[in-house]
**Student:** 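Encoded as structure tokens, here's the structure I'll be asking about.
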Amino acid sequence: MEQANRMNGQVTAKQREMYKMKKFMGTMVKTTLTLGLLVMTGCSNVSDTESKISEITSKTVESASKLSEEVSEVTSELSEAASEVTSALSKDTYGTAGALADDNYTLEEMLTYALQDEYLAQAKYTAIAEANNNANPFANIAEAEATHINELLPLFEKNGITVPANDASDRVTLPDSLAASYAMGIEGETQNISMYKRFLEEEVLPPDVKAVFERLMAASEEHLQAFEQENANFGGNEDKGNNPN
């Protein structure tokens, strides 16, 4: 028992020594850090060091705030630029939409716009005819658009111009009624006629291209009359509760 007490006493003494050593080391570390700060900041005492540290911290926060504002401004400018690019890209430049938004054409642009619009007309009228039991005059005019496309294609080859891909079906949104379909046909043919009128005003236009444009414009005028007539008939019959087809 006595031996055990002596051992416990020795352990307790060692623990006290370890505690003193740790406390001493902690004091030394704090002292070393303080001296380091004094040297780095060029201050003569701890109070001055704390003041210097506070000043540095304040400047750092201020710089960070300014940097945040600058980053925010740049982000805003980038956002506006991205919005403008998106808006420009979202503008429709296909067929008559592109042609009527332009006022200075090359031969390639005129042929491309014309073919795109004939592609689109064929796709729209085919879809409407299929959805409305071949309602007049959509089916017939869709076939006529195929003829127009075949008239334009040789002009691309003759002038060494790449034929644009026919992705018009991806651009078709089917109207929700037959009345809306007639309105779409009227608008489409009206814009098509306006496009060809602009093209025919160009001073430098090859004779064969001019002849094709004139024929296609005349055909569109006939299509317009057909749509207007059917639209008038449909409106009258609709009032009576009858479907003309």
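Fair warning: this is a prediction, and the values are worked out from it, not measured in the lab.
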**Student:** Calculate, to the nearest 0.5 Å, the distance between atoms CG and CG belonging to Leu111 and Leu152 respectively.
**Tutor:**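 Taking CG in Leu111 and CG in Leu152, the distance rounds to 7.0 Å.
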**Student:** State, yes or no, whether a side-chain contact exists between Met195 and Asn192 at a heavy-atom distance under 4.5 Å.
**Tutor:** yes
**Student:** Please report the interatomic distance CG(Leu224) to CD(Gln191), rounded to the nearest 0.5 Å.
**Tutor:**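 Going from CG on Leu224 over to CD on Gln191, the span is 11.5 Å.
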**Student:** Among residues at least two apart in sequence or on other chains, which ones pass ring pair (Phe, Tyr, Trp, His ring centres under 6.0 Å) with Phe138?
**Tutor:**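 Here the qualifying residues are Tyr182, Phe227.
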**Student:** Can you confirm whether Asn134 sits close enough to Asn140 that some side-chain heavy atom of one is under 4.5 Å from a side-chain heavy atom of the other?
**Tutor:**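 Sidechains of Asn140 and Asn134: no contact.
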**Student:** Listed by chain and number, what are the side chain to side chain donor-acceptor pair (under 3.5 Å) partners of Glu202, not counting sequence neighbours?
**Tutor:**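 In terms of side chain to side chain donor-acceptor pair (under 3.5 Å), with neighbours along the sequence ignored, Glu202 is linked to no residue.
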**Student:** For the residue pair Ala180 and Ser177, what are the closest heavy atoms and their distance?
**Tutor:** N-OG, 3.1 Å
**Student:** Hey, could you give me the OG1/OH distance between Thr93 and Tyr113, rounded to the nearest 0.5 Å?
**Tutor:**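 Nearest 0.5 Å value for the OG1-OH distance: 6.0 Å.
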**Student:** If I take atom OG from residue Ser220 and atom CD from residue Gln225, how far apart are they, to the nearest 0.5 angstrom?
**Tutor:** 11.5 Å
**Student:** Take His223 and Glu228, measure what side-chain contact (heavy atoms from CB on, under 4.5 Å) needs, and give me the verdict at the end.
**Tutor:** CA-CA 9 Å; His223 297 171; Glu228 289 175 337; over 6 Å; no
**Student:** Going by atom type alone, with no hydrogens or angles, which donor-acceptor pairs under 3.5 Å involve a side-chain atom of residues 122-129 and a protein atom two or more places apart or on another chain?
**Tutor:**
residue : atom : partner : partner atom : Å
Tyr125  : OH   : Glu189  : OE2          : 2.7
Thr126  : OG1  : Gln122  : O            : 2.7

**Student:** How long is the span from the OG1 atom in Thr190 to the CD atom in Glu221, to the nearest 0.5 Å?
**Tutor:** 10.5 Å
**Student:** Would Met110 and Leu205 satisfy side-chain contact (heavy atoms from CB on, under 4.5 Å), going step by step from the backbone distance to the final call?
**Tutor:** CA-CA 10 Å; Met110 287 187 286; Leu205 196 63; 3.5 Å; yes
**Student:** Going by atom type alone, with no hydrogens or angles, which donor-acceptor pairs under 3.5 Å involve a side-chain atom of residues 158-170 and a protein atom two or more places apart or on another chain?
**Tutor:**
residue : atom : partner : partner atom : Å
Lys158  : NZ   : Asp208  : OD2          : 2.7
Asn159  : ND2  : Leu155  : O            : 2.7
Asn166  : OD1  : Ala168  : N            : 3.3

**Student:** Side-chain contact test, heavy atoms from C-beta onward, threshold under 4.5 Å: evaluate it for Val209 versus Phe199 and give yes or no.
**Tutor:** no
**Student:** For residues 99-119, which residue pairs qualify under salt bridge (charged side-chain N to carboxylate O under 4.0 Å, His left out), counting only residues two or more places apart or in two chains?
**Tutor:**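 Qualifying pairs, neighbours excluded: none.
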**Student:** Which pair of non-hydrogen atoms, one from Gly95 and one from Gln116, has the smallest distance, and what is that distance?
**Tutor:**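 Nearest heavy atoms, Gly95 then Gln116: N-OE1, 2.9 Å.
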**Student:** Could you tell me the separation between the CG atom of Asp176 and the OG atom of Ser181, rounded to the nearest 0.5 Å?
**Tutor:**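 Going from CG on Asp176 over to OG on Ser181, the span is 8.0 Å.
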**Student:** Please give me the minimum heavy-atom distance between Tyr196 and Leu216, naming the atom from each residue.
**Tutor:** OH-CD1, 3.1 Å
**Student:** When you look at Ser194 and Leu100, which way does the side-chain contact (heavy atoms from CB on, under 4.5 Å) test go after all the steps?
**Tutor:** CA-CA 8 Å; Ser194 297; Leu100 298 179; 4.0 Å; yes
**Student:** Under the 6.0 Å and 45° cation-pi test, does Arg198 pair with Tyr105?
**Tutor:**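 Not flagged: Arg198 not positioned over aromatic ring of Tyr105.
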**Student:** Can you list every salt bridge (charged side-chain N to carboxylate O under 4.0 Å, His left out) pair that touches residues 140-151, not counting sequence neighbours?
**Tutor:**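 As it turns out, the salt bridge (charged side-chain N to carboxylate O under 4.0 Å, His left out) pairs with a partner in residues 140-151, which skip direct neighbours, are Glu151-Arg215.
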